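Right, one structure below, let's go through it.
The structure displayed is predicted, hence computed values, not measured ones. Chain A is the first sequence line, chain B the second, and so forth, proteins listed ahead of strands; every chain is numbered from 1.
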There are 2 protein chains.
Amino acid sequence: MHFSAQQNHLLMSLPAEVQKRLFPYLKPITLPLGKVLYEAGEIQQEVFFPTDSIISLLNVMENGASAEISVVGNEGLVGVSLFMGGESTPSRALVQSAGSALQLSALRLKEEFDRHGDLLLLLLRYTQSLITQMAQTAVCNRHHTIDQQLCRWLLLSLDRLPGNQLIMTQELIANMLGVRREGVTDAAGKLQKLGVIEYHRGHINVLDRPQLEALCCECYAVVKKETDRLLPWHPNNNSG
Amino acid sequence: MHFSAQQNHLLMSLPAEVQKRLFPYLKPITLPLGKVLYEAGEIQQEVFFPTDSIISLLNVMENGASAEISVVGNEGLVGVSLFMGGESTPSRALVQSAGSALQLSALRLKEEFDRHGDLLLLLLRYTQSLITQMAQTAVCNRHHTIDQQLCRWLLLSLDRLPGNQLIMTQELIANMLGVRREGVTDAAGKLQKLGVIEYHRGHINVLDRPQLEALCCECYAVVKKETDRLLPWHPNNNSG
DNA sequence: CGATTTATGTTCGATAGCGAACCGACTGTT
DNA sequence: AACAGTCGGTTCGCTATCGAACATAAATCG
């Protein structure tokens, strides 16, 4: 295995045979914060398997207001519309946490997908977990306070990061949640007073994850439970 | 063709060969308002192709509050998790407008799906259009007023109905949108004053659809445009 | 027919979040 | 060391929506 220790769960779940075919075409890339992997409506030429980066899928409105509809980390891939058949989507994919990813051309992905083997089954299940996340985001946007949503968002990010620190300003979080920056300042202030997090100029440390989960709405748990069900993470432990 | 004139677009788009295989197994059923096609988390045994009914996919929260995440009419099918691989989903499918549908057993659907032919391609594209709808619902919930959302909801329903009338109380609409009934009363009252709609105890008549579209947020158009792109509706006009 | 249920209308106060403006403090640069 | 830019904190008034309670009229049913 010639890639870094931080790997992508989807890729690692595949049988050795599929890996052998795909891995030569995976191109490691680094993704800086804020990079746009694809714009709404743009024909996508590649998919991206994050390894230690986090990508947000955002819907952007005419007036520029935005809202995150799902998050992708090393449990998934960016670009499902390629194999779903649409080739593009009305959302934007934005790097939310800098890091690395493995890039694969649309051509190679489809070649393997069209073999109708393990990759197809895996990617369809992954897509269903994305659907779950979007649906729950819709509900959360309707019913929950900024405070709760911030907790959800922190937990989703934390799950996709190695440590307890996020590099993320309140302004950026506000864009993701589709709320004002002041609203995030307020919510984050409360969490800091409670000792749940600690932050300083774009660095957020989560100090008490259990309490964060307690303060969160049910949406995080619903998504997590369903994702774990759909994608029980068992690396295909082939050493070859 | 031995079914009623009102047909399902997905089924009609399939090549004659696939239709020949599937149609013998389609079971016509009638769906009364309020019927639950499946409950959250329940293993699904059938999929449903609405012909002149409308089904809402709802996420229901612990406290009973709900929100519609997408709508399915004769352009689609209910039960994507069957072929996506999850077998169940955390949402509920509820009959929003009484009518008919064609029911197909999971077994038969999967049999055809696993041939990796036209049905697979079609259903994946349809699933992508569902994803679009959910994503836009999330954004709409975040950024738009009840007034705008009611317009969106009316348009989505109208597109899936033959005439201009909806059988639907304000209470039920409120459940779909995840808002209070009073909010819907208010919004509907405004639309009636403007002469856009006319309603009376559970019956809503849309009088001025162009104006309804003008009052609506962009979300309706985004979803419609993308759905038309993904599923250009060309019936396979075989007379056999 | 009268009684009950259902659908809609109205009001009241409370509150979450918005938009705009402004400040101060920290950071990195030259 | 001075500066500009970034990040976070605070304030004000405003509006959409909520929660609750109650009113009215139409539909349904005994």
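Distance, B:His143 NE2 to C:dC18 C1': 12 Å, rounded to whole Å. D:dG9 atom P lies 13 Å from atom CD of A:Glu171, rounded to whole Å. The distance between atom CG of A:Leu191 and atom C1' of D:dG8, rounded to the nearest whole Å, is 15 Å. Remark: P of D:dA25 and NE2 of B:His203 are 20 Å apart, rounded to the nearest angstrom. Distance, A:Gln148 CD to C:dG17 C1': 14 Å, rounded to whole Å. Between A:Asn175 atom CG and D:dG8 atom P the separation is 13 Å, expressed in whole Å. Look at CD1 on B:Ile173: it is 18 Å from P on C:dT6, rounded to the nearest Å. Residue B:Met168 contributes atom CE, which lies 11 Å from atom P of C:dT8 at whole-angstrom precision.
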Check the pair A:Ser56 / A:Glu68 against side-chain hydrogen bond (donor to acceptor under 3.5 Å, both in side chains), numbers first and verdict last.
CA-CA 6 Å; A:Ser56 281; A:Glu68 185 181 78; 2.5 Å; yes
Worked check of side-chain contact (heavy atoms from CB on, under 4.5 Å) between A:Leu161 and A:Ser97
CA-CA 9 Å; A:Leu161 286 170; A:Ser97 177; 3.6 Å; yes
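Interface remark: the B:Arg181 side chain does not form any donor-acceptor pair with the D:dG19 base, using a distance-only criterion of under 3.5 Å. Residue side chain A:Arg180 reaches the base of C:dG19 through a donor-acceptor N/O pair under 3.5 Å, judged by distance alone.
Checked against D:dT10, C:dA7, D:dC7, the side chain of B:Arg201 finds its nearest nucleotide in C:dA7.
Across every non-hydrogen atom of B:His203 and B:Gln165, the tightest pair is ND1-NE2, 3.7 Å. A:Arg152 and A:Cys140 make their closest contact through NE-SG, 3.1 Å (heavy atoms, listed as atom of the first residue, atom of the second, distance).
Each of A:Arg142 and A:Thr169 lies near DNA chain D, and the nucleotide nearest A:Thr169 is the one positioned closer to the 5' end. With the nearest nucleotide of DNA chain C identified for both A:Gly178 and B:Glu182, B:Glu182 has the one nearer the 5' end.
For the pair B:His200 and D:dA25, the criterion of a side-chain N or O lying under 4.0 Å from OP1 or OP2 is not met. Look at A:Tyr199 and you won't find any side-chain N or O under 4.0 angstrom from OP1 or OP2 of C:dC26. OP1 or OP2 of D:dT6 has not a single side-chain nitrogen or oxygen of A:Gln170 nearer than 4.0 Å.
If you check the side chains of B:Gln7 and B:Asn74, you find no donor sitting under 3.5 Å from an acceptor.
Residue contacts for A:Gly202: at a heavy-atom cut-off of 4.0 Å it reaches the sugar-phosphate backbone alone, with no base atom in range.
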